[in-house]
Amino acid sequence: MSSVKVTDLTKDYLIRDGLRRRRMRAVNKVSFELTPGRTVALVGESGSGKSTIAKLLTRLERPTSGTIDVLTDDGARVAGSAYRREVQMVFQDPFASLNPFHSVAHHIARPLRLHKRTQDAASTRSEVLAMLERVNLTPAEEMAERRPHELSGGQRQRVAIARALAPGAQVLIADEPVSMLDVSIRLGVLNLLGRLQRESRLAVLYITHDLATARHFSDDILVLHHGRVVERGPADAVILDPHHDYTKLLALSAPDPNRLGGVVRSTAPDRDAIDDSVCYDHHLGDWVPSGTQEVAA
Amino acid sequence: MARQPVLSVRDLTVIYETEQPVTAVRQASLELGRGEILGLAGESGCGKTTLAYAINRLHQPPARIAGGSVIFHDREGEDIDLLALKDEGLRQFRWSQLSMVFQGAMNSLNPVRTIGYQLDDTLKVHDGSLSRAQRKERAAEVLTRVGVDPVRLRSYPHELSGGMRQRVMIAMAMLLQPQIMIMDEPTTALDVVVQREILREILRLRDELDFAVIFITHDLPLLLEIADRIAVMYQGEIVELGTAQQVHQQAQHPYTRKLLGSFPSLTGSRSDFVRHGSAQERSA
Amino acid sequence: MTTSTPTDPPRPTGASVADSTLIAQESPAAPTAITGPGGPIAGPPPTPPPTPAAVPPAQPRRRGWRSLLPTMTPWLALGLTLVGLITLFGLIGPFLVGDPDTIRDIGLAGPTGENILGTTQTGQDVFSQLAFATRGSLQIGLIVGVLATVLSAFFGIYGAYLGGFADEAFSLLSNVFLVIPGLPLVIVISGFVPPESRGLWTIALVLALTSWAASARVLRAQTLSVRQRDYVSASQLSGERPWRVIVVEILPNLLPVLASQFVYAVIAAILGEAGLSFLGLGASNSSTLGTMLFYAQNGFALPLGAWWWFVPPGLIIALFGMGLSLINFSIDEIIDPRLKNARNARRLARTRKES
């Protein structure tokens, strides 16, 4: 079991604007914890910084400031190549996340060999088949030999999940794992993730723009706006009883058959009047400041 | 249906002439009322986009219309058979009577021309009688209608946000006051908050200008919000066609119910989702 | 899936097969639940119609490496035949013909039964010269093609993958080589190197050095786009070493581009060498199609009307270049499948017109 402790995570990008360079703060002092067996949803629109957080957590980018600590059960910090084993990611686009030139088996076998989970070809093969069965890709023998273009979007995403779990990952970052899939198979993939999480007590960060699945699929929700967390708390509390204007706006904008006419006919908070500097914390039951107030130029 | 029809599609069949012909749309029939918003729902590959393009005869080989008819009922009471129109007639008909907002249309603006130039150009091509000043006035007017400040006429596409560009595309589709607009996933690439603004705009414009809309999307809850009637397409056929309320409350076809069940409710109870979900896990 | 083309055809990949069968599998669960009369549109179809989104099963699935091969078309067949025949001639020809340097007293004779392509001014057999010259030109083409491709792959792919300073430096280098005017530089270098040490390899090296830069730019652009893809990130994420990411994950996706650049480099090399030799700056003591043309020019073949002397080497260069270009067009279809769709559409339109 591993947990992740993220403290005051901040990421600035340098933007070239003609000859001048300007700093753009994509993530602003974000803190949260991922614990085994629990899912935290990171909700926000495009540009809110949620994908940047995924890249920081998977060490595809380095934070400007703040820390990300992956801790084992006895409190030891995970570092180096072990980090790669512990923290894995499921990408958004299943059509881009698998190499069209390699078979399904290759995608899962590589991380197994790389992290020495299996020693020889035979045990790798049987482990690959076992992984495929775990994600319901059957018959595994046949699926293993397929190429990505012979799979549907949902099947590809299952391969991507199997690949992420192959090194023995305990922490899973799912960056919009179903937004590119056909609607009728989305719930299936989410439920698969849910089952795997329960089976292996994974710590999951579910990144999405879809409030409804965030509510049903996660325990806690962080609402991200302009790189800052503006509301946080248990899933039902955040969605059913939003305090921050931005969360209210998001909730109102999502079409919901249970509340027809809500999206287009109701009046919503004015987007331009939204105050990012405060965050409502449902656990504390109070407002707290969010992010640094002054962004260095 | 109290509405007068503006478009009648009868048994339209579209075939892709690949090595083994594929029927992408099979005998689709629907009637679009004046000022009505008709939702066309379905998943990728179900033929909804093909159908929309075939209505406008914008389909390209290998797609071929194999049968059926598309009749446009003019405001003056004249009937036009779209499938029989010759090139010039079709060119005049398109955009002036029936315009389209494409999927990802906001990225189809020419990056090196101002918004104003592109609106002006569309006007010039379709209506040669307008003077320069009149064209400018008209362009400013449609932009104001979709909620974009006319000073933006001098802006280049990259200076506008995605939502703003999509509004410009809707303005461009409205430029010649068409009687029908076909919108193919016009908000899919946008964030929900922006989507909400655009949907409100479309509804308001429809009420003001009384054009009919065919709104294509995979997002059934969204259609329930804005459409008067909804057609559900599955494997090239229209399997369900009814008012939004009918579709929502008494869906006839199992596929429609499956589709409805794929969207967990934001505010509904949680157990609902879990029950639907576990049944579907294996099948995805 | 966003697409700029105004049609939404069923995706011609296995994905759509899987997608539709998947939906087909899922729906049968529901029919029992249907109550009510079931109008014309209500209720499931009595028998499942052939899935419209499905790709015809007759179309064979192109697996893995097979998908790298171009589709056979008449033009590709013509190209392969031309290149194959000329290569064969260059490989085997020299063993079957007599000594090309034997001087006879039948100078400048037209084609006869004995000398099927006639003789040169000094009575040498043009046909045997042609065989050796073809071999020489192919050798140059191959050496330069390989060298230029390796150079461009290194500077293009490796630089783009590393990014940052290495990329900037490699880019600058290839840009510098790109703006150097090729032929004049080659002439200058060949002019400086004394004729006795101006061997085949020297010329090949000079030609390779002046021709890799453009390919490197193309490969860099391609690599930058492939490097952005998620599967490369996923591979890095699982802890793969950089060289493995390049070779296993990125390189296969660049193979069609590499192949096309290689073919292009071979054409350019053969033409470049012919140009140099024609100017008398080619490799000494070697015989290529260019040197043949050089001697034909010096021997006043054109004014004397000795067409059998200069037409065959010219024709071989032209046909070989044409064959390689035809092959390249087919490779382009792998790189950009839209070209293939356009071709299929044209063919379809034609067959419809005929029927």
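Protein chains get the first letters and strands the later ones, always in sequence-line order, with residue 1 at the start of each. Atoms considered below: every heavy atom in the structure, side chains included; atoms not considered: hydrogens, waters and symmetry mates.
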Non-hydrogen atoms of chain A under 4.5 Å away: do they reach the side chain of H218(B), the backbone, both or neither?
both
Would you mind telling me which of V192(B), L222(B), V193(B) has the largest number of heavy-atom pairs within less than 4.5 Å of chain A?
V193(B)
If you look at every heavy atom in L249(A) and R196(B), which pair is closest and at what distance?
CD1-NH1, 4.4 Å
Starting at CG of D182(A), measure out to SG of C46(B) and round the result to the nearest 0.5 Å.
8.5 Å
Verify the neighbour count for atom CD of Q249(B): are there more than 12 heavy atoms of other residues, nucleotides or ligands below 6.0 Å?
yes
Is the shortest heavy-atom distance from the side chain of P264(B) to the side chain of L187(A) under 4.5 Å?
yes
Do H216(A) side-chain atoms and S265(B) backbone N/O form a donor-acceptor pair below 3.5 Å?
yes
Measuring from D210(A):CG to F263(B):CZ, what's the distance to the nearest 0.5 Å?
9.0 Å
Ignoring hydrogens and geometry beyond distance, is a side-chain donor-acceptor pair present between S253(A) and Q195(B) at under 3.5 Å?
no
What I'd like to find out is whether the side chain of E43(B) reaches to under 4.5 Å of the side chain of S184(A), using heavy atoms alone.
yes
Count the heavy atoms belonging to other residues, nucleotides or ligands that lie under 6.0 Å from CZ of R154(B), then report whether that count exceeds 12.
no
Considering only heavy atoms, which portion of L211(A) lies under 4.5 Å from any heavy atom of chain B: side chain, backbone, both, or neither?
both
Atom pair CG/OG1 of L240(A) and T267(B) - distance to nearest 0.5 Å
7.0 Å
